[in-house]
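Below is one structure, written out as structure tokens, with a few remarks after it.
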Number of protein chains: 2
Amino acid sequence: MISKKCKYALKALTFMAKNKDRSTPIFSSEIASKEGIPKKFLEAILRELRNVQILQSRRGKNGGYRFNKPPNEIYLTEVMRVIDGPIALLPCVSLNYYAPCEACEENVCSIKGVFETVRNETLSILGNTSIQSLVN
Amino acid sequence: MISKKCKYALKALTFMAKNKDRSTPIFSSEIASKEGIPKKFLEAILRELRNVQILQSRRGKNGGYRFNKPPNEIYLTEVMRVIDGPIALLPCVSLNYYAPCEACEENVCSIKGVFETVRNETLSILGNTSIQSLVN
DNA sequence: AATAAATCCTATAAACTTTATAGGAATTAG
DNA sequence: CTAATTCCTATAAAGTTTATAGGATTTATT
């Protein structure tokens with residue numbers, strides 16, 4: 001399961017993609033009310049997305065958020081990794097968040113293989129789906 | 001991520017499949033020590049697997065656990081659903097644990113589609129992989 | 001009948017994660 | 001100077017995970 005936070009992030013980005021031709025930045029307050037996301041929680045999410053250069057922000061009056069790269073170049077894998085961490089179902093099979101399984105000798109690990117397959121299939125779907133494509 | 005509990009369940013079942021030709025049932029204590037699983041925690045797991053007819057058990061001296069159906073007919077989906085619940089990444093996309101997303105009108109949900117695709121791919125892998133196949 | 005050895009069951013708890021909320025600081029436009 | 005926005009830190013409530021404790025129950029054997 002992805003977290004609610006991650007769902008909020010995807011919803012927020014999709015909302016922004018839907019409105020990407022506006023001349024002004026988008027307020028967190030607008031996204032929060034239109035998408036039903038708690039405002040302060042959403043602020044934290046948007047800040048994380050800005051920290052990894054998915055978004056850019058402007059403070060002060062008439063501030064708000066914009067994409068830092070076109071939404072058809074932002075893939076779900078990137079967003080999900082930022083918000084939720086690993087996509088793989090086992091730590092020892094994660095590409096971006098690898099961690100060894102403690103008491104498990106990996107060379108002979110019985111369950112590793114199938115979860116590598118799942119990871120590959122999942123990444124090939126989520127890594128080829130852009131935020132923009134969710135709008136269309 | 002699957003839980004440690006689920007990993008323990010898969011490891012335990014794999015261990016049992018590896019030893020499926022024994023004439024006597026297998027003790028939880030043996031599995032616990034050989035696989036490095038906390039004994040009491042493992043007992044709870046094995047009981048759950050017995051409750052759903054994956055295993056059968058005998059109490060008392062010379063008791064222990066056996067498969068209730070051949071391990072080549074036990075698929076990872078079944079085990080994972082018993083222990084961890086839904087396999088899908090979104091509640092509204094789960095086949096066995098469906099739950100509606102609260103403030104999300106599903107007909108127009110932007111993110112639902114891609115997670116259905118992920119679910120289908122994941123199920124086709126995990127649903128065709130048996131416990132027995134992990135041994136081979 | 002007594003004993004040993006196994007599963008079964010319930011309650012509890014420590015640690016961690018998730019999902020926020022509160023209160024303001026900093027910045028910017030007008 | 002004011003209003004409106006993002007930014008930041010601390011806190012907390014609730015839920016989940018990962019066990020542990022202590023025995024109850026069952027069964028085979030002696």
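Below, each value reflects all heavy atoms present in this structure, side chains not excepted, and no hydrogens, waters or symmetry copies. Here is the naming used below: chain letters follow the sequence lines, and residue numbers restart at 1 for every chain.
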Spacing of [X] atom [atom1] relative to [N] atom [atom2], expressed in whole Å:
X      : N       : atom1 : atom2 : result
M1(A)  : dG15(D) : CE    : P     : 17 Å
K5(B)  : dT20(D) : NZ    : C1'   : 14 Å
L55(A) : dT6(D)  : CG    : P     : 11 Å
R66(B) : dA6(C)  : CZ    : P     : 15 Å
Y8(B)  : dT18(D) : OH    : C1'   : 8 Å
L42(A) : dT21(C) : CG    : P     : 12 Å
E43(A) : dA26(C) : CD    : P     : 16 Å
I37(B) : dT17(D) : CD1   : P     : 18 Å

Tell me if a side-chain donor or acceptor on Y97(B) pairs with a main-chain N or O of R81(B) at a distance below 3.5 Å. yes

Mark yes or no for whether T14(A), through its side chain, and L10(A), through its backbone, hold a donor-acceptor pair below 3.5 Å. yes

Identify whether any heavy atom of S28(A) sits under 4.0 Å from a base atom; if not, whether one sits that close to sugar-phosphate; answer base, sugar-phosphate or nothing. sugar-phosphate

Across the strands shown, which category fits F27(A) at heavy-atom distances under 4.0 angstrom: base, sugar-phosphate, nothing? sugar-phosphate

With respect to the side chain of [X], which nucleotide from [options] is positioned closest?
X      : options                   : answer
K40(A) : dT7(C), dC8(C), dT21(C)   : dT21(C)
F41(B) : dA20(C), dA24(D), dT18(D) : dT18(D)
R58(A) : dT6(D), dT21(C), dT28(C)  : dT28(C)

Between I2(A) and G60(A), just flag the one whose closest nucleotide in DNA chain C comes earlier from the 5' side. I2(A)

Checking F67(B) against M16(B) for the side chain to side chain contact (heavy atoms under 4.5 Å, CB included) test, could you report, in this order, the C-alpha distance in whole Å, the side-chain angles of both residues, the deciding distance, and whether it holds? CA-CA 8 Å; F67(B) 284 111; M16(B) 290 183 65; 3.7 Å; yes

Could you check whether Q132(B) and N72(B), counting side-chain N and O atoms only, form a donor-acceptor pair closer than 3.5 Å? no

Name of the residue among V118(B), T77(B), N96(B) meeting side-chain contact (heavy atoms from CB on, under 4.5 Å) with L123(B): T77(B)

Between [X] and [N], is there a side-chain N or O to OP1/OP2 distance below 4.0 Å?
X      : N       : result
R59(A) : dA29(C) : no
N62(B) : dA5(C)  : no
K4(A)  : dA20(C) : yes
Y65(A) : dT5(D)  : no
S57(A) : dT5(D)  : no

